[in-house]
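Accompanying notes for the structure given below.
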Amino acid sequence: MLGELNPCGGGDSIPLLHEKLLVGRRSSCDIRLPLSNVSSYHCELELRDGYWHVRDLGSTNGIKVNGERTLESPLMPGDELQIAKSRFRIEYDVPEDAPPPDVANPFSMSLMEKAGLEKPARFRMPESTDAIRERRRTRRRRSTRDDFIMDWLRDDD
C-alpha cells in the first residue's frame, strides 16, 4: 500500500494501491465516490518522486488542498484534500531520499478561478469555427439590414 485517504467525517479509509489513480463518480474510476457533486472523472492522484500529487480534471466542483482551491498541487502527509464536498486526510510515508516537491506558483490562477466563479481557460470549451462564422455572418446581415433601413428613412421621395 502506497498510502491512504482517511475521510474527515469518519468512515473506512481508502487505500492508495497504484502510483496513478483516477477519482470520480464513474464505476471505471480507481477511487469511486458515488456522489452527485463529484464529476464523472473528477481528479487524478499520482505518486511522483515520493510525494502524492493531485490534479483536477476539469471537474465542476473542483478540489481544495488545506482549504485552498487548486488545479494541481503536491500533497504532504497529513494534508486535507477536498474533492467536491468530501474531505479526506492523506497519510503516507515519504522516502528519506525524496527531494522536496515542486510547488506551483500561487499567482498562476486568477482570483475568479480561485473562488470557483470561473473555470480555468484550459477547461473552457473553445468556440467552434462554425459558431464564429455564424456570428460574423449574422453581424454582417444585421448591419446590411440596418443600412437598408437607414437609407429608406433618409429617402426623400
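- Hydrophobic clustering (ILVMFWY, side-chain heavy atoms < 4.5 Å, transitive): Ile90 and Leu71 are in distinct clusters.
- Linking Ile, Leu, Val, Met, Phe, Trp and Tyr residues whenever their side-chain heavy atoms come within less than 4.5 Å places Val94 and Leu21 in a single cluster.
- In this structure, a donor-acceptor pair under 3.5 Å is absent between the side chains of Ser59 and Tyr41.
- With sequence neighbours excluded, the residues that form a side-chain contact (heavy atoms from CB on, under 4.5 Å) with Leu47 are Leu2, Glu19, Trp52.
- With hydrogens and angles disregarded, a donor-acceptor distance shorter than 3.5 Å links the side chain of Arg89 to the backbone of Gly78.
- Checking side-chain atoms of Ser39 against main-chain N and O of Thr60 turns up a donor-acceptor pair under 3.5 Å.
- By the side-chain hydrogen bond (donor to acceptor under 3.5 Å, both in side chains) test, Asp79 pairs with Asn66, sequence neighbours left out.
- The same ILVMFWY cluster, assembled from side-chain heavy atoms under 4.5 Å apart, contains both Leu16 and Val38.
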One pair to check against side chain to side chain contact (heavy atoms under 4.5 Å, CB included): Ile83 and Phe88. What are the steps and the verdict?
CA-CA 8 Å; Ile83 300 169; Phe88 302 91; 4.2 Å; yes
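- Side chain of Asp56 to backbone of Cys43: no donor-acceptor contact under 3.5 angstrom is found.
- Criterion: ILVMFWY side-chain heavy atoms under 4.5 Å apart, direct or through other members. Under it, Ile63 and Leu33 are part of a common hydrophobic cluster.
- Remark: side-chain polar atoms of Gln82 are paired, donor with acceptor, to backbone N or O of Ala84 under 3.5 angstrom.
- In this structure, His42 contributes its side chain and Gly62 its backbone to a donor-acceptor pair below 3.5 Å.
- Dense packing is recorded around CZ of Arg48, with more than 12 heavy atoms of other residues, nucleotides or ligands lying under 6.0 Å away.
- Considering CG of Leu22 and CZ of Arg32, their distance stands at 12.5 Å, rounded to 0.5 Å.
- Judged by distance alone, the side chain of Thr70 and the main-chain N or O of Glu72 form a donor-acceptor pair under 3.5 Å.
- Shortest non-hydrogen contact noted between Ser40 and Cys29 is O-SG, 3.4 Å.
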